[in-house]
Number of protein chains: 2
Amino acid sequence: MREKELRRSMSVLPIGTVMKLTDLSARQIRYYEQQDLIKPLRNEGNRRMYSLNDVDRLLEIKDYLADGLNISGIKEVYKKQSQLEDERKRNMKKGLTDSDVRKILQDEFLNIGGLKPPSSTFDDPNNFSKFNN
Amino acid sequence: MREKELRRSMSVLPIGTVMKLTDLSARQIRYYEQQDLIKPLRNEGNRRMYSLNDVDRLLEIKDYLADGLNISGIKEVYKKQSQLEDERKRNMKKGLTDSDVRKILQDEFLNIGGLKPPSSTFDDPNNFSKFNN
DNA sequence: AGCTAATGTCATGTTTTGTAACATGAGTAG
DNA sequence: CTACTCATGTTACAAAACATGACATTAGCT
């Protein structure tokens, strides 16, 4: 379950791919970034590289807009969400011992190394298209 | 579970991404294609677009080469695999159970020792080229 | 009408990818 | 040893994709 999240956050998709996946124009995608709704990484050549999580978020944004929300409204939504998330994490950590935390961090570090051979899943049964996370 | 395979065969990754994911040079990746080991789709701009299954296969190829197999050896492996796969499908059609088939084919499997179950489908069987335009 | 938010479009420059040709190092056969 | 093949590197040039910034448009509001 940790690995899955890792893969979902790997920035590997160029904007052209994301356009097809989301049916958004490059202009729209860059605009949402300019409005701080997404923060794709850049490769050495300065190209934007997106993750599957970014794609999910773009699809969410699309839905919110279609529902009549405007950009700043959407911004609020995400602000609230990350506040809640942060708090959850803080509470989580307060309940753990020091060595637990060290173990967690080490594990995260080790997992950044690379893609493992085939067997593993890139999939995400519930998450790809809609509000879910 | 059907959806997972679908997603894995979506051709969305440009060669630069695949280079990073596999740590192969563009030259190598194109060469393996030239040797018919992979068949990435092309987008309208004639750019190669790879699926996660393609990435898996490239990693396999890398392993095989590291193990001392040469390209034509690898080709044999995949040829055999797809033969077996075809045969399995034919037998399924004839009403045999999967485990029946496994017994029947056991000898052949032993002939090509030590390889993984057949993995990737080759030619956009599910019409995912629509993601490339 | 005037304003604004979201998006389209165009111009210009950089990066990535395509193909093709030639080069090279390791291994093998003669 | 020489010649050959295989897997890969390198280089050169063209086309496609992308970045950025400016200006245009459209729909909804006041």
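Everything numeric in this text was worked out from a predicted model, so none of it was measured. Each chain gets a letter, A, B and so on, in the order the sequences are listed, and its residues count up from 1.
Looking at heavy-atom distances under 4.0 Å, A:Arg48 makes contact with sugar-phosphate atoms alone, never a base.
Using modelled atom types, one finds no donor on one side chain facing an acceptor on the other under 3.5 Å when comparing A:Arg47 with A:Asn43.
Using a cutoff of 4.0 Å between basic side-chain nitrogens and carboxylate oxygens, B:Glu33 and B:Arg42 are scored as salt-bridged.
The shortest side-chain heavy-atom distance between A:Met10 and B:Leu21 falls under the 4.5 Å cut-off. A:Tyr31 places none of its side-chain heavy atoms less than 4.5 Å from the side chain of A:Leu37. With a 4.5 Å cut-off on side-chain heavy atoms, A:Tyr50 and A:Ile38 count as touching.
Rounding to whole angstrom units, CG of residue B:Leu13 and C1' of C:dT16 are separated by 15 Å. Straight-line distance from the CD atom of B:Glu33 to the C1' atom of C:dT19: 12 Å, rounded to whole Å. One can place CD of A:Gln34 at 13 Å from C1' of D:dA19, the figure rounded to the nearest angstrom. For B:Met19 and C:dT17, the CE to C1' distance is 10 Å, given to the nearest whole Å.
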Base-contact (B) and sugar-phosphate-only (S) positions in nucleotides 3-9 of chain C, heavy-atom cut-off under 4.0 Å, - elsewhere: --SBBBB
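Between the side chain of A:Ser51 and the main chain of A:Asp54, a donor-acceptor pair closer than 3.5 Å is present. Here the side chain of B:Lys62 pairs a donor or acceptor atom with the backbone of B:Thr22 at under 3.5 angstrom. Side-chain atoms of B:Ser25 come within 3.5 Å of backbone atoms of B:Gln28 as a donor-acceptor pair (strictly under, hydrogens ignored). Between the side chain of B:Thr17 and the main chain of A:Val12, a donor-acceptor pair closer than 3.5 Å is present.
Taking the centre and axis of the six-membered ring of B:Tyr78, the NZ or CZ atom of B:Arg57 falls inside the cone set by 45° and 6.0 Å.
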Intermediate values then yes/no, salt bridge (charged side-chain N to carboxylate O under 4.0 Å, His left out), B:Glu85 and B:Arg88: CA-CA 5 Å; B:Glu85 182 67 9; B:Arg88 191 185 64 79; 3.2 Å; yes
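Of the residues in residues 39-46 of chain A, those with a non-hydrogen atom less than 4.0 angstrom from any atom of DNA chain D are A:Arg42, A:Asn46.
Look at B:Arg47 and you won't find any side-chain N or O under 4.0 angstrom from OP1 or OP2 of C:dG18.
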Please write out each protein N/O paired with an N/O of nucleotides 26-30 of chain D under 3.5 Å, distance rounded to 0.1 Å.
none

